[in-house]
Amino acid sequence: MATTAIPSETTPRAAAWPKVLLTIGRVALGLVFLVAAYTKIHFNGSWHFGDYQFFFAMAIDSYNMLPLWAVEWMARVLPILEAVLGALLVLGVGLRWVASITSALLLVFIGAMTRALILHIQIKCGCFGNDEPLTIFTLLRDSSLLVLALAVTIGAFLIKKRQDTGSS
């Protein structure tokens, strides 16, 4: 009886696809986060390194969720955190943990946006600068970014697991 030989491993070309898709996903997500940080610091045709937090704090405060001290802290930290996460995603540094933090951050953003939409609070979302109104389309866009972030997170963990089991 003839048997068909089944290769025990996938071809090198097929094995490369997950890494290629992960690279495309992480770079795209990283660029989105870099643009988001940029639009919070550069607006009205000039850089606002010294006062961006005042404008961004107004957007954060409009959600009516945090005390003033937390609003001020978030306004200072979020654009920097977004820039750092974006750069690390593009570079692929610490990918499993950076993607996990990015997913968690997007989940918090989406939760706040959903709450504002449910309560019919007419605000500027603050996602990409201070002039973008919060709409259902904003929520859908950010939700699609969460899906991408989760895919990058899961992909990074799976590829790391594959590398660990393959090298043992």
Side-chain angles (χ1 to χ4, degrees), residues 16-66 70-118 121-160:
W17 272 109
K19 287 183 180 181
V20 169
L21 292 174
L22 180 63
T23 301
I24 292 169
R26 74 172 169 78
V27 169
L29 189 61
L31 291 174
V32 168
F33 265 69
L34 287 171
V35 169
Y38 170 81
T39 59
K40 290 175 181 77
I41 298 172
H42 186 273
F43 52 92
N44 292 336
S46 62
W47 291 98
H48 290 270
F49 291 114
D51 61 356
Y52 72 89
Q53 71 273 9
F54 297 116
F55 299 104
F56 188 44
M58 288 187 284
I60 294 171
D61 192 44
S62 66
Y63 284 87
N64 299 319
M65 293 179 66
L66 300 171
V71 167
E72 292 173 354
W73 183 82
M74 297 271 295
R76 289 182 188 277
V77 170
L78 274 177
I80 296 164
L81 179 62
E82 288 176 339
V84 169
L85 289 173
L88 291 174
L89 283 166
V90 168
L91 296 172
V93 176
L95 188 57
R96 293 175 299 154
W97 306 111
V98 171
S100 298
I101 293 166
T102 303
S103 296
L105 190 60
L106 282 166
L107 193 60
V108 170
F109 292 163
I110 290 167
M113 292 167 56
T114 302
R115 178 186 174 275
L117 284 173
I118 289 170
I121 302 173
Q122 299 295 317
I123 60 175
K124 306 289 184 187
C125 82
C127 303
F128 292 94
N130 299 316
D131 293 331
E132 183 181 14
L134 177 60
T135 65
I136 190 70
F137 299 110
T138 312
L139 183 63
L140 290 172
R141 179 200 60 213
D142 283 16
S143 295
S144 67
L145 291 174
L146 175 61
V147 170
L148 177 59
L150 289 171
V152 169
T153 302
I154 292 167
F157 275 95
L158 289 176
I159 285 176
K160 176 66 174 164

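Closest non-hydrogen pair, Leu89 versus Gly30, comes out as CB-CA, 3.7 Å. Contact detail for Ala59 and Gly126: the closest heavy-atom pair is CB-CA, 4.1 Å. Residues Met65 and Ala112 come closest through the heavy atom pair SD-CB, 3.7 Å. In terms of heavy-atom proximity, Ile60 sits nearest to Leu66 at CG2-CD1, 4.2 Å. Nearest heavy-atom pair, Ala37 versus Pro79, reported as atom, atom and distance to 0.1 Å: CB-O, 3.3 Å. Residues Ala116 and Leu134 come closest through the heavy atom pair CB-CD2, 3.5 Å.
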Leu88 vs Phe33, test: side chain to side chain contact (heavy atoms under 4.5 Å, CB included). Steps then yes/no. CA-CA 10 Å; Leu88 291 174; Phe33 265 69; over 6 Å; no
Trace of the side chain to side chain contact (heavy atoms under 4.5 Å, CB included) decision for Leu22 with Val152: CA-CA 6 Å; Leu22 180 63; Val152 169; 3.9 Å; yes
Start with the C-alpha distance between Cys125 and Phe109, add both sets of side-chain angles, then the distance that settles side chain to side chain contact (heavy atoms under 4.5 Å, CB included), and finish with yes or no. CA-CA 9 Å; Cys125 82; Phe109 292 163; over 6 Å; no
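The CG atom of Leu105 sits 10.5 Å away from atom CG of Leu146, with the distance rounded to the nearest 0.5 Å. Taking CG from Leu78 and CD from Gln53, the interatomic distance works out to 12.5 Å, rounded to the nearest 0.5 Å. Summarising the geometry, atom CG belonging to Leu148 is positioned 12.0 Å from atom CG belonging to Asp142; distances are rounded to the nearest 0.5 Å. Distance CG/Leu29 to OG1/Thr102: 6.0 Å, rounded to 0.5 Å. Rounding to the nearest 0.5 Å gives a distance of 12.5 Å between CG of Leu21 and CZ of Arg26. The CG atom of Leu150 sits 11.0 Å away from the CG atom of Leu145 when rounded to the nearest 0.5 Å.
For the residue pair Thr135/Thr138, the side-chain donor-acceptor check at 3.5 Å is satisfied.
Of the possible polar contacts, one joining the Arg115 side chain to the Tyr63 backbone as a donor-acceptor pair under 3.5 Å is found. With Lys40 contributing its side chain and Cys127 its backbone, the two residues share a donor-acceptor pair below 3.5 Å.
Within the 4.5 Å cutoff, no side-chain heavy atoms of Ser62 are placed close to those of Ile121.
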